[in-house]
Amino acid sequence: MSPVRVRIAPSPTGAPHVGTAYIALFNYAFAKSQGGQFLLRIEDTDQTRSHPSYETAILEALRWIGLKWDEGPDIGGPFGPYRQSERTEIYRQHAEKLLLKDGAYRCFCSAERLEKMREEQVKRGADPKYDGKCRTLGDAILAKKLKEKAPFVIRLKVPKRGKCTIEDRLRGSVTCEYKDIDDQVLIKSDNFPTYHMANVIDDHLMEITHVIRGEEWLPSTPKHVLLYEFFGWNKPEFIHMPLLLNPDRTKLSKRRNPTSIFYYRDAGFLPEALLNYLGMMGYSRPNGQEKFTVEEMISDFDIGRVALGGSVFDIHKLRWLSGKYIRESYTPEKLAACMAQWRINSEYFSKVMPLMMERMETMGDFMPRCSFFWAGELDYDAEALIPKKHSAEETAKVLQSMIAGLEHEPVWNAAMIEAKAKEMAKIWEWKIRDIVAPLFVAMTGKNVAPPLFQSMELLGPHICRYRFVQAIEKLGGMPKEKLAELEKELEERKAKLNPQPQPKPVEPNPEAATPTEPENRPPDATPPEEPPATV
RNA sequence: GGCCUCAUCGUCUAGCCCGGUUAAGGACACAGGGUUUUCAACCCUGCAACACGGGUUCAAAUCCCGUUGAGGUCACCA
């Protein structure tokens, strides 16, 4: 038996997701319980959404929670590079081989044609699938197109008939028909591979023995299996983990919950508690123990004990666990040291101080007036959020569009946030004061507070984001349908503001591009956190 | 909608693979009580589940089939 090698393969397209940590934990526990290795590989093949800062954040978040990898982009290893954007030549060569083996073909269809094709398919009730137009291009046409340097993608040549059976360690045999599977794009027109291509090649080259990933990948596994077969490679063992869920049992999304690992860090959860909690999602120790360290988990880890139903991520229980750690595993000194590393330190105080000085008369005024800087959750009435002359619903819309506007900003500072607030005031035709008022309450829980934008800068994007979400919840929430409407309305209002037909910001997906991105994007196009590096 | 997956208390789960040992166990939450100057913690008690319908069997939460429900997925995103 070759040594067990597993990997976590996050995509640096947003804030580090708890789902990434969850899958990482189970990969880690599995590997270590088998004396194997755990790798970290960065899947940054989406040039439009990937960003190095997100990569840094992922590594930082995984380290914070206490996971260590044996090979990765930061520490290297014998199977590098561990960043897919640095392996494009490898993928190109393999695509070439695949073409030769008749496992793939070049497709010259334009995005417009594909879009039109799908529209028609949907209209007549068929499944949206590539129609295979370029599958059988004659040599002459092919040569001509190539000579013209026409842009193309490379697609997987999925058999027309037959069945595909994949073996999942937890679920047994899963069978489906090839006819239901699309001719997946393997190499995009920018020459970067898609996930399907890159993950198979890398897993093979990096000698990955077990692919432990989220259940959302199950439907695309046949494509991966096909690739292994075309290449003539041994397949790894597939283990699809249950999903982390919102309270309404849909896939955990940042729209309604804090999904960034950094939220939990900034809100003061203990990392070992978060990791422990993740370890009880879909899993239980054989002895029933609920509070356990990773080492304990590894000591008797049994992947077969993983339960298959999705698990609702219950912050209540997480809080209880965190409290249990504080009480049972910390001394006052140790906790104090921990809190000092967190936000109870002179560095953070010195940032808060300039905002507070003008507003205090005694030092005793300090704490009560700015406790929100350290609070995890705020307590206030929904009423306080709603400015006079505006409704709860309108306020929710404005707050939601603030979230969206703040989403992908590369820098997080007071000036940027203020600019956004002003922009939103213009778009919604609200007085700036009316827009700032609910922001004050949402961010601080009070309507008397230090300067808002600077406070938000200190609070950081993760805490602020969730405070927005909570405020919107208090205002009645923002269901999917409303969100979709809101996106439309926002587009219209923006268009009205700049009548010039601006070619829209730079955003990959037309739909997901809308301001209120979180929701209706397709599966997981949500820019930032969604893609819980399930992989 | 097609395909795939899943289905034990409100939530996380044990039990299911190897049917009987289960009046289905634990934890969170909730309710009540105790302890405590208060709160928290802690202790005790209570509430609360095998989705439904058929089989198989002497016996089914456990095996099989169906129904229903839920979720995932159907991109030049991962």
Side-chain angles (χ1 to χ4, degrees), chain A residues 9-14 17 20 43-50 84 107 109-111 114-115 118 121-122 125-130 151-155 166 168 170-172 174-177 179-182 184-199 213-222 240 242-243 245-251 277 279-291 304-305 307-321 323-324 326-328 508-512 521-527 530-535:
Chain A
S11 173
T13 52
H17 198 285
T20 303
E43 308 234 335
D44 56 348
T45 56
D46 184 337
Q47 289 295 287
T48 56
R49 293 204 298 145
S50 295
Q84 291 185 329
C107 169
C109 294
S110 67
L114 294 177
E115 199 174 321
R118 279 194 203 101
Q121 287 167 332
V122 171
D127 292 346
K129 267 184 70 186
Y130 181 62
F152 63 87
V153 301
I154 296 178
R155 285 181 185 275
I166 65 174
D168 181 278
L170 265 18
R171 295 154 209 270
V174 178
T175 304
C176 61
E177 305 220 25
K179 70 171 171 54
D180 295 323
I181 301 169
D182 204 359
Q184 182 68 48
V185 170
L186 263 18
I187 302 282
K188 300 178 266 191
S189 53
D190 65 0
N191 269 316
F192 274 74
T194 57
Y195 166 82
H196 308 283
M197 180 76 168
N199 116 76
R213 70 211 323 184
E215 189 190 329
E216 67 223 281
W217 291 106
L218 199 48
S220 51
T221 305
H240 289 93
L243 263 20
L245 270 27
N246 290 319
D248 68 0
R249 306 202 74 88
T250 52
K251 188 162 84 169
Y277 182 68
M280 49 201 272
M281 299 277 84
Y283 188 73
S284 59
R285 301 266 325 269
N287 63 7
Q289 189 186 338
E290 292 205 285
K291 179 176 172 241
R305 287 187 66 81
L308 296 179
S311 314
V312 173
F313 192 92
D314 180 7
I315 296 177
H316 258 297
K317 193 157 184 179
L318 205 208
R319 289 182 66 91
W320 163 77
L321 231 203
K324 205 168 160 66
I326 288 178
R327 270 174 264 122
E328 298 174 2
N509 185 317
E511 287 140 78
R521 79 297 167 113
D524 225 301
T526 320
E530 261 358 345
T534 343
V535 188

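Numbers restart at 1 for each chain; the letters A, B, ... are given by sequence-line order, proteins then strands. Since the model is a prediction, treat every value here as computed from it, not as a measurement.
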Donor-acceptor under 3.5 Å (A:Asp182 side chain, A:Tyr130 main chain):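 Side chain of A:Asp182 to backbone of A:Tyr130: a pair is present.
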Any donor-acceptor N/O pair, A:Asp168 side chain to A:His240 backbone, under 3.5 Å: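 Yes; at least one donor-acceptor contact below 3.5 Å.
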Check: B:A27 base within 3.5 Å donor-acceptor of A:Lys317 side chain: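 Yes.
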Does [X] reach a base, just sugar-phosphate, or nothing at all? Heavy atoms under 4.0 Å.
{"X": "A:Arg285", "value": "nothing"}
{"X": "A:Pro222", "value": "nothing"}
{"X": "A:Gly125", "value": "nothing"}
{"X": "A:Ser220", "value": "nothing"}
{"X": "A:Gly310", "value": "sugar-phosphate"}
{"X": "A:Ser189", "value": "base"}
{"X": "A:Val153", "value": "base"}

Whom does [N] pair with, Watson-Crick or G-U wobble, provided both distances fall under 3.5 Å?
{"N": "B:U56", "value": "none"}
{"N": "B:G46", "value": "B:C30"}
{"N": "B:A7", "value": "B:U68"}

Could you list the donor-acceptor pairs under 3.5 angstrom formed by side chains in residues 307-320 of chain A, with sequence neighbours left out?
unit_1, atom_1, unit_2, atom_2, d
A:Ser311, OG, A:Gly282, N, 3.2
A:Asp314, OD1, A:His316, N, 3.0
A:Lys317, NZ, A:Glu290, OE2, 3.2

Rounded distance in Å - [atom1] ([X]) to [atom2] ([N]):
{"X": "A:Leu308", "N": "B:A14", "atom1": "CG", "atom2": "C1'", "result": "15 Å"}
{"X": "A:Asp127", "N": "B:C4", "atom1": "CG", "atom2": "P", "result": "12 Å"}
{"X": "A:Asp190", "N": "B:A78", "atom1": "CG", "atom2": "C1'", "result": "14 Å"}
{"X": "A:Leu245", "N": "B:G69", "atom1": "CG", "atom2": "P", "result": "18 Å"}

Donor-acceptor pairs under 3.5 Å, side chain of residues 185-193 of chain A to any protein atom, not counting sequence neighbours: which ones?
unit_1, atom_1, unit_2, atom_2, d
A:Lys188, NZ, A:Thr45, O, 2.9
A:Asp190, OD1, A:Phe192, N, 2.9

Phosphate contact (B:C28 OP1 or OP2) by A:Lys324 side-chain N/O below 4.0 Å: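 Indeed not, no polar side-chain atom of A:Lys324 lies that close.
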Span that lies between the C1' atom of B:G69 and that of B:G26, in whole angstrom: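 Taking atom C1' in both B:G26 and B:G69, they lie 27 Å apart.
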